[in-house]
There are 2 protein chains.
Amino acid sequence: MAANSRLTIAVHALAWLELARRRGRGVLTSDEVAASVNTNPVVIRRSLGRLADAGLLTVRRGTGAGWSLARGAEEITLLEVYDAVDPEPVFALHATEPNLECPVGFGIRPALGHVYGAVELGLRRELARTTVADVLAETLRVKQQ
Amino acid sequence: MAANSRLTIAVHALAWLELARRRGRGVLTSDEVAASVNTNPVVIRRSLGRLADAGLLTVRRGTGAGWSLARGAEEITLLEVYDAVDPEPVFALHATEPNLECPVGFGIRPALGHVYGAVELGLRRELARTTVADVLAETLRVKQQ
DNA sequence: TGCCATTGCAACAGGATCTGTTACAGCCAT
DNA sequence: ATGGCTGTAACAGATCCTGTTGCAATGGCA
């Protein structure tokens, strides 16, 4: 399966919001974020809406509205972003229930669930080690090269 | 996106082949494997064909043909199975190229690629720690409860 | 040599998901 | 009240996953 790009879009938007904040613009509209990500504003609203639900962003409606970071970028880990936008498991179990008459069919799902749980835990631990500020720093470092 | 179940199908088939081998049947047909996984034999051939390409299985054609393990189950890690059947990245970058005029749009892809690479590395390390024999042992342990 | 069980593979269908888009309702600073 | 903006439903095109059918190719065996 081709993976989705939701985490990428969300982190991109957060990094852009942080850079704009440092430049004195604490609030950006969906159109402004979409211009950097190069996609439709509705895609941005879909993504940032989940981040706002999770408390990572605050959103203001009406004239002069837009999105702003609810916390410092160095306090937002990619794990929080992941949980906010992409609560899908990495590996799926069987599409249809296996044959429970077979000892393997009977016991394999909890056994694999165990392994997949450990994998997912490692993935979460890795995502928790990086913040939006880290990503922005690395992003700007690339720019200078 | 919903993840695919290719790794699950492949590990299930390998565990079943190992159990059959211990019971004195070193070769199973696609139909026999499909009966345990509860799917179509063609799905099994698609999956096991990749495992044979990777050298994990040997396949015999013609009358009395079928699949057999090319190595002991304790020598086959889930990482090898993963590499054989599911060479997809976990996270995708942008579907369309971001705006390169924006400093974030310009530098974010290598920055995120860095993070995603580390995540993928952790995932591989975790998968390498478990063998098909481990999964079978856990599977049979569940059976006894 | 001919038969037959079995794999290899192409092709297709149904369902799901992802991304992008349009349209419109709801909100709110001025 | 107006205008600018978000929230969200609905839809389309593309892609992928799973399951299925059909048929060619292989090779053991009589």
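Numbers restart at 1 for each chain; the letters A, B, ... are given by sequence-line order, proteins then strands.
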inquiry  = To the nearest 0.5 Å, what is the distance between CZ on A/Arg6 and CZ on B/Phe91?
reply    = 11.5 Å

What's the [atom1]-[atom2] distance between [X] and [N], to the nearest Å?
{"X": "A/Ile44", "N": "C/dG20", "atom1": "CD1", "atom2": "C1'", "result": "12 Å"}
{"X": "A/Trp67", "N": "D/dG4", "atom1": "CH2", "atom2": "C1'", "result": "15 Å"}
{"X": "B/Arg46", "N": "D/dC16", "atom1": "CZ", "atom2": "P", "result": "14 Å"}
{"X": "A/Leu57", "N": "D/dT6", "atom1": "CG", "atom2": "C1'", "result": "13 Å"}
{"X": "A/Asn40", "N": "D/dA12", "atom1": "CG", "atom2": "P", "result": "17 Å"}
{"X": "B/Arg6", "N": "D/dC16", "atom1": "CZ", "atom2": "P", "result": "10 Å"}
{"X": "A/Leu28", "N": "D/dG4", "atom1": "CG", "atom2": "P", "result": "18 Å"}

query = Of B/Ser5 and A/Ser30, whose closest DNA chain D nucleotide lies nearer the 5' terminus?
reply = A/Ser30

query = Do the non-hydrogen side-chain atoms of B/Leu17 and B/Val132 ever get within less than 4.5 Å of each other?
reply = no

Upstream residue (5' side of DNA chain C) when A/Gly64 and B/Ala95 are each assigned their closest nucleotide = B/Ala95

request  = Give a yes/no answer on whether the side chain of A/Thr29 brings an N or O atom under 4.0 Å of OP1 or OP2 in D/dG4.
outcome  = no

ask   = For C/dC27, does OP1 or OP2 lie under 4.0 Å from any side-chain N or O of A/Thr63?
value = no

task = Give one of base, sugar-phosphate or nothing for B/Val59, where a contact means two heavy atoms less than 4.0 Å apart.
result = sugar-phosphate

message = Just to be sure I understand the rule, does B/Gly66 reach a base, reach only the sugar-phosphate, or reach nothing, if contact means heavy atoms closer than 4.0 Å?
response = sugar-phosphate

query = Does A/Val90 belong to the same Ile/Leu/Val/Met/Phe/Trp/Tyr cluster as A/Ile108, with side-chain heavy atoms less than 4.5 Å apart forming each link?
reply = yes

inquiry  = Between the side chains of B/Arg22 and B/Glu18, is the shortest nitrogen-to-carboxylate-oxygen separation below 4.0 Å, so that they form an ion pair?
reply    = yes

query = Taking NZ, NE, NH1 and NH2 as the nitrogens, is one of them in B/Asp134 or B/Arg129 under 4.0 Å from a carboxylate oxygen of the other?
reply = no

key: Base of D/dA25 paired with side chain of B/Arg61 (donor-acceptor, under 3.5 Å)   = yes

ask   = D/dG28 base to B/Arg60 side chain: any donor-acceptor pair below 3.5 Å?
value = no

query = Closest to the A/Arg45 side chain: D/dT18, D/dG7, D/dT20?
reply = D/dG7

